[in-house]
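Only one structure is covered here, and it is reproduced in the block below.
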Protein chains: 2
Amino acid sequence: MDIDRLDLRILAILQKNNRLSNIELADQVGLSAPACLKRVQRLRKEKVIVDDVSIINPKLVGNTLTMIVSVEMDRDQADIYQRFRRSMDQAPEITQCYQVSGNYDFLLVVCVKDIQAYEEFVDRVLHTQLNIRKFHTSVSLRTVKFSTEVDLKGLTKDR
Amino acid sequence: MDIDRLDLRILAILQKNNRLSNIELADQVGLSAPACLKRVQRLRKEKVIVDDVSIINPKLVGNTLTMIVSVEMDRDQADIYQRFRRSMDQAPEITQCYQVSGNYDFLLVVCVKDIQAYEEFVDRVLHTQLNIRKFHTSVSLRTVKFSTEVDLKGLTKDR
DNA sequence: GTTGAAATAATCTCTAT
DNA sequence: ATAGAGATTATTTCAAC
């Protein structure tokens, strides 16, 4: 799928706020409402727009503790990694997980209510994973930035 | 602000999909449309719902490289930390930044187009920060999980 | 929180470019 | 293949209860 300047402008707006009406959006990018809608629908269908969601403040809902967990696996075996990756989806406490190169293999961002909830998470998710050699937890003292926006500057792939 | 079971159900739905109509939402939680709308408006006003956004697939838009950067600061000085934190907001490449306890001080998740863009980012954002003692970059081989959902299980603070 | 009504918006079809 | 105009349908949102 190719994405032109107009699509990028639409994406730039929607990734900041997807609750403006199609009419407003069309206005801002200089299209008629139907033309604009067609583009947005296409972007959703093609999964350029993956999801449309409300972002909740975890603190205001009781999840005040964020932990950064680095995980080192026992062996570099494809099936072990795959099993581990699949287990990540099952745990709602894990908000992000990256497979990385370097001293450890996976980096997890875990968001929980309190230390008890974290311990429960460790028991349920990490200690049941054989093949973890070791893992290291550090506490996030502050979420300095949490953005869902993709940097769209300098991506003017025109057709 | 207190949040009852109904609010939590509303949040659980909206953080998965905020594009369903208020009527559908009301239906799913068992309220009339206006009653439901009032709750949602309140949740937005009170910033329990922080934002409403479209999530873009960074790969489909050209940002294929994710870097994990750990930063160690020179001194534990409040103003130095504060300045650093403020600079995080300025850089669109930084999607997440956590201030952490342990061997290093900040953890950054940086999303860019390619290595050149990353080098440009390092020069512009990190090398201009005096007070960084050192930083370490590792490449994300795979984004195993990226979720914006907050775990709402076991948070039944009723009134 | 509900019901009913008015104002808005989304979206479909069709036409034109 | 993509944009625009008009009409239909659906939704949001306001009052009154």
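A, B, ... follow the sequence lines: proteins, then strands. Residue 1 opens every chain. Source: prediction; values computed, not measured. Hydrogens, waters and symmetry mates play no part in the numbers below; they use all other heavy atoms, side chains included.
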Could you tell me whether B:D7 and B:R42 have a side-chain N and a carboxylate O separated by less than 4.0 Å? yes
Which one, C:dT11, C:dA9, D:dT2, comes nearest to the side chain of A:Q41? C:dT11
Rounded interatomic separation in angstrom, taking CG from B:L31 and C1' from C:dT2: 10 Å
Nearest-nucleotide pick for A:S32, side chain only, options being D:dT12, D:dT2, D:dG4: D:dG4
Once you round it to whole Å, what is the distance between C1' of C:dG1 and CG of B:D4? 13 Å
Tell me whether the rings of B:H127 and B:F135 are parallel (<30°), tilted (30 to 60°) or perpendicular (>60°). tilted
Electrostatic pair A:D52-A:R44, nearest N-O below 4.0 angstrom: yes
Do the side-chain N or O atoms of A:R39 get closer than 4.0 angstrom to the phosphate oxygens (OP1, OP2) of D:dA3? yes
More than 12 heavy atoms of other residues, nucleotides or ligands under 6.0 Å from CZ of A:R124: is that the case? yes
Whole angstroms only, please: what is the CG-P distance between A:L25 and D:dA3? 13 Å
Rounded off to whole Å, could you give me the CD-to-C1' distance for the B:E24 and D:dT12 pair? 14 Å
How many whole angstroms separate atom CD of A:E46 from atom P of D:dA1? 13 Å
Could you check how far CG of B:L37 sits from P of C:dA7, rounded to whole Å? 18 Å
So A:I23, base contact, sugar-phosphate only, or nothing? Heavy-atom distance under 4.0 Å. sugar-phosphate
Can you tell me how far P of D:dT2 sits from CZ of A:R42, to the nearest Å? 6 Å
Once you round it to whole Å, what is the distance between C1' of C:dC14 and NZ of A:K38? 10 Å
Here's a test of your reading of the structure: between B:A33 and A:P34, which maps to the more 5' nucleotide of DNA chain C? B:A33
